[in-house]
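Structure first, then comments.
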2 protein chains.
Amino acid sequence: MKNAIPLHVELIDALIPIVFGTTAALNKIGAENDLSLTQLRVMGILRDRQPRMAELADYLGLKKSTMSGLIDRAEKKGLLARTPSLEDSRAIEVFLTQEGQALVERLHLQLQESLAPMTSRLNPSEQRQLRDLLDRMHGHD
Amino acid sequence: MKNAIPLHVELIDALIPIVFGTTAALNKIGAENDLSLTQLRVMGILRDRQPRMAELADYLGLKKSTMSGLIDRAEKKGLLARTPSLEDSRAIEVFLTQEGQALVERLHLQLQESLAPMTSRLNPSEQRQLRDLLDRMHGHD
DNA sequence: TATTGTTATACTCTATAACTATA
DNA sequence: TATAGTTATAGAGTATAACAATA
C-alpha cells in the first residue's frame with residue numbers, strides 16, 4: 001500500500017514544527033530583552049524605514065489602536081520615537097532612537113546564534129537549496 | 001566584489017517571512033473560529049493524545065497557571081474536557097470532545113487550503129526536496 | 001466626508017505568588 | 001518534601017467604538 005498522505009500535507013507537516021520552533025526562539029530573544037514578539041517585529045521593520053502608524057499597523061495586520069499601545073510602550077523605554085509627518089499633518093512617523101538602533105543590531109546577532117543549531121544541521125549546499133526553495137515558495141516574482 | 005552576506009544569514013532571511021506568513025495564516029484561521037494561536041496548538045496536540053495539564057504546559061513552554069486559563073476557556077466552549085488521571089490522583093488529563101474532534105479536522109483542512117497558494121508555487125519534486133530539507137533541519141535523528 | 005491617530009473599555013494571554021491536595 | 005493543579009493578581013496584546021484634528 002502506498003503512502004496515503006498527500007505531498008502538500010507532508011510539506012505542511014514538516015513546515016509547522018520549524019515555524020513554531022523559530023517562533024519560540026524569537027519569543028525567547030524577546031523575553032531576554034523585555035520585548036514581545038510583536039515589538040521585536042516592529043524593531044526589525046524600523047531598522048531601515050520610518051513608517052507612519054497606519055503603515056505599521058497594516059503591515060503587521062493590527063488595528064491602529066493596537067499600534068498606539070505598542071508604540072507607547074516602546075517609546076517609554078526609549079527605543080523609538082514619534083515625529084509628525086511633513087507631508088500630512090494628521091500622520092505620525094515612527095523611527096528608532098540610537099539606543100533602539102543599537103538594540104536591533106544585537107537582536108539580529110542573537111537570532112543568528114539562536115538558530116545556528118538548526119541551520120548548521122545543513123551543509124552549505126543544502127542551505128543554498130533551502131534558501132532558494134523558501135524564496136520561491138514566498139513568491140517574489 | 002563577492003556577496004558580503006553569510007549563507008546562514010541568507011537562509012534565516014528567507015525563513016523569517018515564511019514563519020510570519022504561516023503564523024498569520026494560523027492566526028486568521030484561529031480568529032475565524034474564535035480561537036487564539038495557542039488554543040489552535042492545543043487542539044492540534046489533543047488530536048491524537050490525552051496529556052496531563054503539566055505535559056501540555058511543558059510542551060508549549062507555558063506555566064501551569066496559564067494552561068488552567070486556556071483549558072478553562074476551551075472547556076467552556078465545549079471543545080475539550082478534563083478527567084482525573086487513574087494513575088495519579090493529583091493529575092488531570094485533557095481530551096477533545098466530539099465537537100472538538102470535528103472542529104480540529106475542519107481546522108486541518110482550512111490550514112491546507114490557506115497555505116495552498118504558498119505550497120503550490122513549488123512543483124512536486126521541489127515540494128519533496130523542501131520537505132526533506134525541513135525535516136533534516138528539524139533534526140529528528 | 002474620509003482618513004490619521006488616540007483614548008476608553010473589555011477580553012485573552014502570560015507570568016508570579018500563594019494555596020490545596022496528593023505522592 | 002516535592003509535584004499537580006487552581007486561584008488571585010497584574011501587565012501586555014488585541015479588537016471595537018467613540019472621538020478630535022486634518023485632508
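Since the model is a prediction, treat every value here as computed from it, not as a measurement. Order of the sequence lines sets the chain letters (A, B, ...), proteins ahead of strands, with each chain counted from 1.
- Mapped onto DNA chain D by nearest heavy atom, R90(A) and L35(A) fall at different nucleotides, with L35(A) at the one closer to the 5' end.
- Here the C1' atom of nucleotide dG13(D) and the NZ atom of K64(A) are 18 Å apart, to the nearest Å.
- Contact annotation: S65(A) side-chain N/O to dA15(D) OP1/OP2 distance is not under 4.0 Å.
- With a 4.5 Å cut-off on side-chain heavy atoms, R52(B) and S85(B) count as touching.
- Checking the phosphate oxygens (OP1, OP2) of dC11(C), no side-chain nitrogen or oxygen of R73(B) falls inside 4.0 Å.
- Counting heavy atoms from C-beta on, the side chains of Q39(A) and K77(A) come closer than 4.5 Å.
- Of the candidates L80(A), T83(A), V42(A), L80(A) is the only one forming a side chain to side chain contact (heavy atoms under 4.5 Å, CB included) with V94(A).
- Distances were taken from every side-chain heavy atom of L62(B) (C-beta onward) to each of dC13(C), dG5(D), dA15(C); the shortest belongs to dA15(C).
- Rounded to whole Å, the distance from NZ on K63(A) to P on dT14(D) is 12 Å.
- Within the nucleic acid shown, S89(A) comes within 4.0 Å of sugar-phosphate atoms alone, with no base atom in reach, counting heavy atoms only.
- In this model, the phosphate group of dC13(C) is not approached by any side-chain N or O of T66(B) to a distance below 4.0 Å at OP1 or OP2.
- Contact check, T38(B) against dT14(C): a side-chain N or O comes under 4.0 Å of OP1 or OP2.
- Atom P of nucleotide dA20(D) and atom CD1 of I92(A) are separated by 18 Å, given to the nearest angstrom.
- In this structure, CG of D88(A) is placed 12 Å from C1' of dA2(C), rounded to the nearest angstrom.
- Within the 4.5 Å cutoff, no side-chain heavy atoms of L60(B) are placed close to those of T66(B).
- For the pair Q39(B) and dC13(C), the criterion of a side-chain N or O lying under 4.0 Å from OP1 or OP2 is met.
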